[in-house]
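Values below: all heavy atoms of this structure, side chains included; hydrogens, waters and symmetry mates excluded. Residues: numbered from 1 along the sequence shown.
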Amino acid sequence: MKKWFMTSNRQGSVKLDAIPCFPYPEFLRGMHGYLRNEPCHLAAYFGMPSEEGLRLFCLVLDDASGKILIASSRLDPNDTSPLPSLTALYPAAHPFERELTEQYGICFADHPWNKPLRFAHDRADRSRTLNNYPFYAIRGQALHEVNVGPIHAGIIEPGCFRFICNGEQVIHLEIVLGFQHRGIERLICGTPNRLRQSVLSESIAGDSVVAHALAYAEVAEGLGQPGLEFDPAANDLGIERTVALEMERIAMHLADTGALCMDIGYQLGQVACEALRTIVINTTQRWCGNRFAKGLIRFGGTHYPLTDDLKMLVLKNLNEVETRYAEVVHSLEGTSSVLARFEDCGVVTRTQALRIGAVGMAARASGLVRDIRQTHPRGAYGKLIAHDPVAENSGDVYARLRVRMREVAQSAGYVRTLLDTLDCGMRVASLPDYRMALESDALAFSLVEGWRGEVCHVGITGSDGQFRQYKIYDPSLHNWTALALSVRGVGISDFPICNKSFNLSYCGHDL
């Protein structure tokens with residue numbers, strides 16, 4: 001019997017003919033065989049059309065061994081019978097299978113609730129629209145529904161939040177995004193221009209520019225160096241990328257700390273955190289000319305190498321931010337009215353987090369320790385930095401806030417460590433090579449631990465060395481489900497929960 005292809009997050013690329021292709025029943029058994037083990041979770045599951053039929057690809061992360069398992073299955077185009085569902089066995093697979101249904105019309109016989117994800121213009125079933133979306137419904141004289149959105153004040157992305165309430169008790173929340181689907185995956189495949197692909201990757205999520213740009217760069221670098229282990233930690237470029245990633249983590253944790261304070265009317269914490277976030281993003285602007293680091297990450301090189309002056313500015317501003325943020329933390333933890341609104345509120349248990357496939361800080365706040373920087377390190381992680389994940393156990397809003405607080409201090413320490421090893425006086429800039437040829441008929445992926453959790457990019461090239469398929473997975477994919485659970489306060493056995501639209505720049509305050 002063939003085994004799944006085994007690799008690591010540092011491997012450059014994999015030839016498509018090296019990835020085993022199983023009959024679907026065997027493919028399904030293999031996925032469930034791995035995913036029923038707690039250390040394993042699903043990173044990517046998608047389809048790629050071809051003349052021979054739709055080929056399904058699956059990437060499973062084994063956090064215990066640090067290995068990544070890849071397999072595929074080719075569906076017979078003449079066989080339209082329903083397929084057994086992985087979601088029925090492993091609930092965290094629900095958005096992946098829903099996407100396969102929406103894009104290719106695959107019918108899963110026992111999927112608990114196969115609703116559309118985003119209503120792309122080229123969806124398989126054009127009769128399914130937002131106007132006839134199958135919202136979850138509960139009937140009862142004492143119940144009422146509250147609908148929020150999809151139009152919101154400020155800069156929040158379009159999204160519909162439907163609450164079912166019994167008096168003041170919220171018993172169900174359903175989240176519908178996808179009102180503004182931009183099709184970035186298709187746009188990346190539609191252009192051979194590497195610079196345009198880099199710019200597209202930066203626009204996936206406004207709060208995770210570095211994470212997504214870095215993931216794209218590493219996919220392109222993996223395909224540009226076939227058969228080699230790409231190790232940016234061996235050069236200064238990898239150090240600078242990690243500094244940028246950790247600074248983005250600090251900025252967004254500060255922003256969300258302030259947002260949480262705003263949500264409970266604690267204005268002192270809100271304005272203090274907004275001011276500190278401004279210091280961090282203005283430092284990034286001094287580095288590359290953009291507060292959100294657009295233009296900083298490019299594959300194979302950079303236009304903005306750190307100088308001694310920039311290095312000193314980063315260290316100076318980080319010291320100020322860390323000192324002032326510690327005062328904010330002390331104020332929050334010492335104010336009983338703040339703690340009363342955060343503790344025992346919006347609890348997501350470890351069992352729930354495991355079942356829905358939560359990642360990043362949403363998982364770690366519930367005692368489920370998942371962090372790519374430790375289990376699947378790449379670049380400076382695992383070599384220059386021995387990462388120890390921050391975790392809490394209570395799973396409530398306060399636990400998620402505590403993870404943010406502790407990670408700000410941890411990330412600031414990482415930046416200092418990295419900058420201490422960087423000799424800017426000897427730095428030789430390596431400019432991006434936008435004409436770099438990519439390996440043909442190969443697959444490359446990148447896993448990056450962004451501030452919300454693991455970002456996964458997968459690129460597959462054709463015989464011409466251009467992308468045939470490009471998939472982007474954001475940590476919000478499962479963390480929105482955690483948000484719905486925390487609001488509902490009902491059993492996870494009632495599976496229909498929420499959905500997530502890919503390629504949307506939306507940031508949930510409490511995740």
Side-chain angles (χ1 to χ4, degrees), residues 91 94-95 98-99 102 112-119 128-140 142-182 205-207 255-256 258-265 341-342 345-348 352-353 356-358 360-362 365 395-397 400-401 452-453 474-492 494-511:
H94 79 96
R98 287 163 57 191
E99 182 190 42
E102 183 165 359
W113 200 13
N114 202 353
K115 304 181 297 179
L117 267 181
R118 56 187 174 214
F119 302 95
R128 304 185 77 174
T129 68
L130 285 167
N131 292 329
N132 57 29
Y133 185 84
F135 283 102
Y136 185 68
I138 306 176
R139 304 302 178 193
L143 303 179
H144 65 281
E145 292 184 354
V146 178
N147 188 74
V148 180
I151 306 303
H152 301 269
I155 60 172
I156 191 171
E157 292 282 358
C160 179
F161 301 78
R162 181 167 294 197
F163 299 82
I164 299 178
C165 307
N166 183 3
E168 294 185 352
Q169 181 186 14
V170 177
I171 62 174
H172 182 83
L173 165 62
E174 185 168 359
I175 301 172
V176 182
L177 305 181
F179 290 82
Q180 184 175 303
H181 173 55
R182 293 170 288 147
D207 58 7
D256 259 20
L260 284 168
C261 292
M262 176 184 66
D263 288 344
I264 63 168
R341 287 166 172 80
F342 288 157
C345 175
V347 176
V348 179
Q352 291 171 332
I356 63 178
M361 60 180 177
D396 55 6
V397 174
R400 295 189 277 277
L401 176 62
R452 274 183 282 135
D474 185 275
S476 296
L477 181 67
H478 297 297
N479 292 354
W480 271 112
T481 305
L483 173 60
L485 277 174
S486 70
V487 174
R488 287 175 68 193
V490 297
I492 193 170
D494 301 321
F495 174 73
I497 302 170
C498 73
N499 79 71
K500 160 68 186 167
S501 174
F502 301 83
N503 302 344
L504 268 167
S505 55
Y506 189 93
C507 166
H509 290 166
D510 189 28
L511 287 174

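Distance CZ/Arg400 to CE/Met361: 9.0 Å, rounded to 0.5 Å. Rounding to the nearest 0.5 Å gives a distance of 6.5 Å between CD1 of Ile138 and CG of Leu143.
With Arg162 contributing its side chain and Glu174 its backbone, the two residues share no donor-acceptor pair below 3.5 Å. A donor-acceptor contact shorter than 3.5 Å links the side chain of Asn147 to the backbone of Gly149.
Applying ring pair (Phe, Tyr, Trp, His ring centres under 6.0 Å) to His172 and the options Phe161, Tyr136, Phe163 leaves one that passes, Tyr136. With Leu401 as the partner, the side chain to side chain contact (heavy atoms under 4.5 Å, CB included) test is satisfied by one option alone out of Asp256, Asp396, Leu260: Leu260.
Among all heavy-atom pairs drawn from Ala142 and Asn166, the shortest one is O-OD1, 3.5 Å. Nearest heavy atoms, Trp113 versus Arg98: O-CD, 4.0 Å.
Classification of Arg452 and Asp474 as a salt-bridged pair holds, one side-chain N sitting under 4.0 Å from a carboxylate O.
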query: Should Asp263 and Arg341 be marked as a side chain to side chain contact (heavy atoms under 4.5 Å, CB included) after you check the CA-CA gap, both sets of side-chain angles, and the distance that decides it?
result: CA-CA 10 Å; Asp263 288 344; Arg341 287 166 172 80; over 6 Å; no

message: Before you tell me yes or no, could you show the steps for Cys160 and Phe135 under side chain to side chain contact (heavy atoms under 4.5 Å, CB included), namely the whole-Å CA-CA distance, both residues' side-chain angles and the distance that decides it to 0.1 Å?
response: CA-CA 11 Å; Cys160 179; Phe135 283 102; 4.1 Å; yes

